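Remember, it's a predicted structure, so these values are computed and weren't measured experimentally. Chain letters run A, B, ... following the sequence lines, proteins first, then strands; residues in each count from 1.
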Amino acid sequence: MADSKSTFYLVEPDIFLFTECLHFLDRDYDDCLYSIEDDRVIKPLLIDGVQTLFKITDASDRLKIELLAGEPSKAIVEEAARYVTDWFDLERNLHPFYQLLENHDPLSYMAAKYYGLRLMRIPDLFEALCWCVVGQQINLTFAHKLKRQLVETYGTFITYESKRHYFFPEAEVLAGLAVDDLKELQFSRQKAEYIIGIAKDVADGSLKKQELVAYDETQKMLKRLKKIRGVGDWTANYVLMKSLGRTDCITHGDTGLQSAVSQILGLDRKPTRKEVETFFEPFAGWESYLNMYLWRTLS
DNA sequence: CCCCAGGGCCATA
DNA sequence: TATGGCCATGGG
């Protein structure tokens with residue numbers, strides 16, 4: 001294959017800064033589904049059952065995506081482009097959000113300080129749901145440890161330069177597990193039951209991302225998601241913003257969010273749900289982005 | 001030892 | 001509808 005076929009570019013939108021997006025991905029945690037070194041991301045993608053590996057770098061006004069492993073068919077390049085576009089939320093016009101941000105009293109500093117940060121998404125619905133269940137109630141360090149155990153035990157991987165790059169486990173695989181299989185990985189009984197249940201729904205086709213998208217309204221999507229055992233208010237909102245890219249979601253109950261809002265309001269306690277809603281009011285339609293920028297203040 | 005982490009279910013009233 | 005116990009583990 002000609003080398004040119006294995007590299008493609010995506011035009012960067014206005015208000016985009018690759019390093020700022022990478023900073024959010026990197027933070028202090030050890031994520032097992034991508035690796036970041038210097039100013040590049042290495043991301044394995046399973047596309048129609050084909051194992052691929054991409055390197056993403058910044059080329060001034062474009063994102064450069066190089067295929068490191070896997071045949072560069074047209075379909076694979078298209079899927080990879082789709083994935084990266086969603087991952088970095090490249091299709092979003094952030095001007096309206098920045099307008100609100102710049103005119104907001106205590107938060108206007110964010111427009112410059114976090115300039116170009118995008119809602120870093122988890123395009124895969126199953127992965128997003130599982131990540132939520134894993135992260136429920138526990139600290140993020142332990143959550144990443146649990147995720148790594150899950151991925152390295154039940155996921156497949158591609159080897160590149162003697163390093164393993166893992167794909168998130170298939171729903172069909174996790175659907176066949178017993179609760180005790182996950183308890184061995186330090187999952188609580190509830191988390192194990194939730195994840196296996198969600199895996200079964202996805203594996204048998206009763207839960208599809210397309211179904212959610214078709215609802216068109218955030219409230220209907222939330223209602224559908226909350227029917228799933230293990231999915232409450234926090235998870236439903238998290239999944240809608242991170243997987244479906246809804247911009248009007250607030251991760252109610254999120255301790256990180258509460259901590260950020262508490263600091264900004266100068267409270268010595270966690271804010272009530274009402275106080276959080278009031279705080280978000282000026283950002284109607286852009287709650288998810290404010291949510292993201294508030295998380296950013298924590299790291 | 002305590003409490004709390006990017007929650008949610010379930011029992012109880 | 002609202003509240004409290006519970007879950008697994010690690011860090012402060």
**Message:** Please determine whether salt bridge (charged side-chain N to carboxylate O under 4.0 Å, His left out) holds for the pair A:Asp233 and A:Arg273, giving the CA-CA distance in whole Å, both sets of side-chain angles, and the decisive distance to 0.1 Å.
**Reply:** CA-CA 12 Å; A:Asp233 214 18; A:Arg273 181 183 177 118; 2.7 Å; yes
**NZ/NE/NH1/NH2 to OD/OE distance under 4.0 Å, A:Glu152 and A:Arg164** = no
**Message:** So that I can tick it off, tell me whether A:Arg40 and A:Glu66 are bridged by a salt bridge, with the cut-off set at under 4.0 angstrom between side-chain N and carboxylate O.
**Reply:** no
**Integer-rounded Å distance: B:dG7 P and A:Leu222 CG** = 17 Å
**Request:** Using whole Å, report how far CZ of A:Arg273 lies from C1' of C:dT1.
**Result:** 14 Å
**Request:** For each nucleotide in nucleotides 8-13 of chain B, reading 5' to 3', give B when a protein heavy atom comes within less than 4.0 Å of its base, S when such contact involves only the sugar-phosphate, and - otherwise.
**Result:** SSS---
**Complete:** In DNA chain C, stems of three or more consecutive pairs, Watson-Crick or G-U, each with both distances under 3.5 Å, turn out to be B:2-5 with C:9-12, B:7-13 with C:1-7
**Asked** Taking atom P in both B:dC2 and C:dG5, what distance in whole Å separates the two?
**Response** 14 Å
**Message:** In terms of relative ring orientation, are A:Tyr166 and A:Phe157 parallel, tilted or perpendicular, with 30° and 60° separating the classes?
**Reply:** tilted
**Request:** Would you confirm whether A:Tyr289, through its side chain, and A:Leu119, through its main-chain N or O, come within 3.5 Å as a donor-acceptor pair?
**Result:** yes
**Asked** A:Lys191 has an atom NZ; how far is it from atom P of C:dC6, in whole Å?
**Response** 18 Å
**Request:** Between B:dC3 and C:dG4, how far apart are the P atoms? Round to whole Å, please.
**Result:** 15 Å
**Message:** Between A:Val77 and A:Ile158, is there shared hydrophobic-cluster membership here, with clusters defined by ILVMFWY side-chain heavy atoms closer than 4.5 Å?
**Reply:** no
**Message:** Can you tell me which residue among A:Asp181, A:Leu185, A:Asp180 is in a side chain to side chain contact (heavy atoms under 4.5 Å, CB included) with A:Lys183?
**Reply:** A:Asp180
**Message:** Check the orientation of A:Trp87 and A:Tyr34. Use parallel for under 30°, tilted for 30 to 60°, and perpendicular for over 60°.
**Reply:** tilted
**Request:** Assign the ring pair A:Phe283 / A:His104 to parallel, tilted or perpendicular, where the plane angle (0 to 90°) is split at 30° and 60°.
**Result:** tilted
**Asked** Expressed in angstrom and rounded to an integer, what is the separation of A:Lys270 atom NZ from B:dC3 atom P?
**Response** 15 Å
**Rounded interatomic separation in angstrom, taking CD from A:Gln186 and P from C:dC7** = 17 Å
**Message:** By the 4.0 Å heavy-atom rule, please label A:Ile138 as base, sugar-phosphate, or nothing.
**Reply:** base
**Request:** State whether the number of non-hydrogen atoms from other residues, nucleotides or ligands found under 6.0 Å of A:Asp48 atom CG is greater than 12.
**Result:** no
**Residues touching DNA chain B, which here means a heavy atom under 4.0 Å, drawn from residues 139-148 of chain A** = A:Asn139, A:Leu140
**Prompt:** Can you tell me if A:Ser243 uses its side chain to pair, donor with acceptor, with the backbone of A:Ile122 under 3.5 Å?
**Reply:** yes
